[in-house]
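Below you'll find the structure, written out as structure tokens, and then a few comments.
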Amino acid sequence: MIETMQAGLWIHAHVIDAWTDVLNYEEKLKSNYTVNRYFFDASMVRQFIFDKISLSLKDMIIESNIKDAMKKDKEF
């Protein structure tokens with residue numbers, strides 16, 4: 001799947017997910033005095049983003065996805 005990281009090709013969602021795991025792990029190694037960041041995997045932005053639903057409904061879905069992701073990773 002890492003071979004999808006070539007110019008002109010779509011990157012596979014699993015590659016994005018693996019990269020977010022690496023970035024979140026590196027965030028845990030940073031000093032306690034720096035600002036924390038959290039990187040979300042590809043499941044955060046599902047196909048509904050491109051569907052013709054209201055912006056407020058999209059916002060509600062994304063907010064729900066963020067809360068679910070943060071509950072799963074209690075270290076942040």
Side-chain angles (χ1 to χ4, degrees):
M1 289 182 208
I2 198 75
E3 292 174 355
T4 64
M5 294 183 66
Q6 296 179 19
L9 296 178
W10 287 88
I11 297 175
H12 196 281
H14 293 310
V15 175
I16 295 170
D17 295 345
W19 186 243
T20 59
D21 288 341
V22 170
L23 292 173
N24 285 327
Y25 175 77
E26 289 181 351
E27 282 294 310
K28 294 175 186 175
L29 301 177
K30 289 180 13 178
S31 167
N32 291 336
Y33 301 106
T34 59
V35 176
N36 287 335
R37 297 178 294 177
Y38 188 82
F39 298 91
F40 295 97
D41 60 26
S43 68
M44 186 58 55
V45 183
R46 299 182 195 276
Q47 185 62 35
F48 76 86
I49 294 294
F50 303 106
D51 293 344
K52 294 183 179 181
I53 59 176
S54 70
L55 185 58
S56 61
L57 182 56
K58 288 180 183 181
D59 287 345
M60 287 174 35
I61 294 169
I62 290 175
E63 182 179 348
S64 174
N65 289 346
I66 289 172
K67 287 179 181 178
D68 289 344
M70 297 306 288
K71 285 179 189 174
K72 289 178 187 173
D73 192 347
K74 295 180 182 185
E75 290 186 34
F76 279 94

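Separation of atoms OG (Ser43) and CD1 (Ile16) is listed at 11.0 Å; rounding is to 0.5 Å. Summarising the geometry, atom CE belonging to Met44 is positioned 12.0 Å from atom CD1 belonging to Ile61; distances are rounded to the nearest 0.5 Å. Going from atom CG of Asp17 over to atom CZ of Phe40 covers 13.0 Å, rounded to the nearest 0.5 Å. Here the straight-line distance linking atom CE of Met60 with atom CG of Asn65 works out to 11.5 Å at 0.5 Å rounding.
Taking the side chain as every heavy atom from C-beta outward, Asp59 and Glu63 never approach each other to under 4.5 Å.
The pair Glu26-Lys30 does not meet the salt-bridge criterion, since no charged nitrogen lies less than 4.0 angstrom from a carboxylate oxygen.
Judged purely by atom type and a 3.5 angstrom limit, Asn24 has no side-chain atom pairing as donor or acceptor with the backbone of Tyr38. Side-chain atoms of Asp41 do not come within 3.5 Å of backbone N or O of Thr20 as any donor-acceptor pair.
Between Ser31 and Thr34 the shortest heavy-atom distance is O-OG1, 2.9 Å.
A continuous path of Ile, Leu, Val, Met, Phe, Trp and Tyr side chains, each step under 4.5 Å between heavy atoms, connects Trp19 with Phe39, placing both in one hydrophobic cluster. In terms of hydrophobic clustering, with Ile, Leu, Val, Met, Phe, Trp and Tyr side chains grouped at heavy-atom distances under 4.5 Å, Ile11 and Leu23 are assigned to different clusters.
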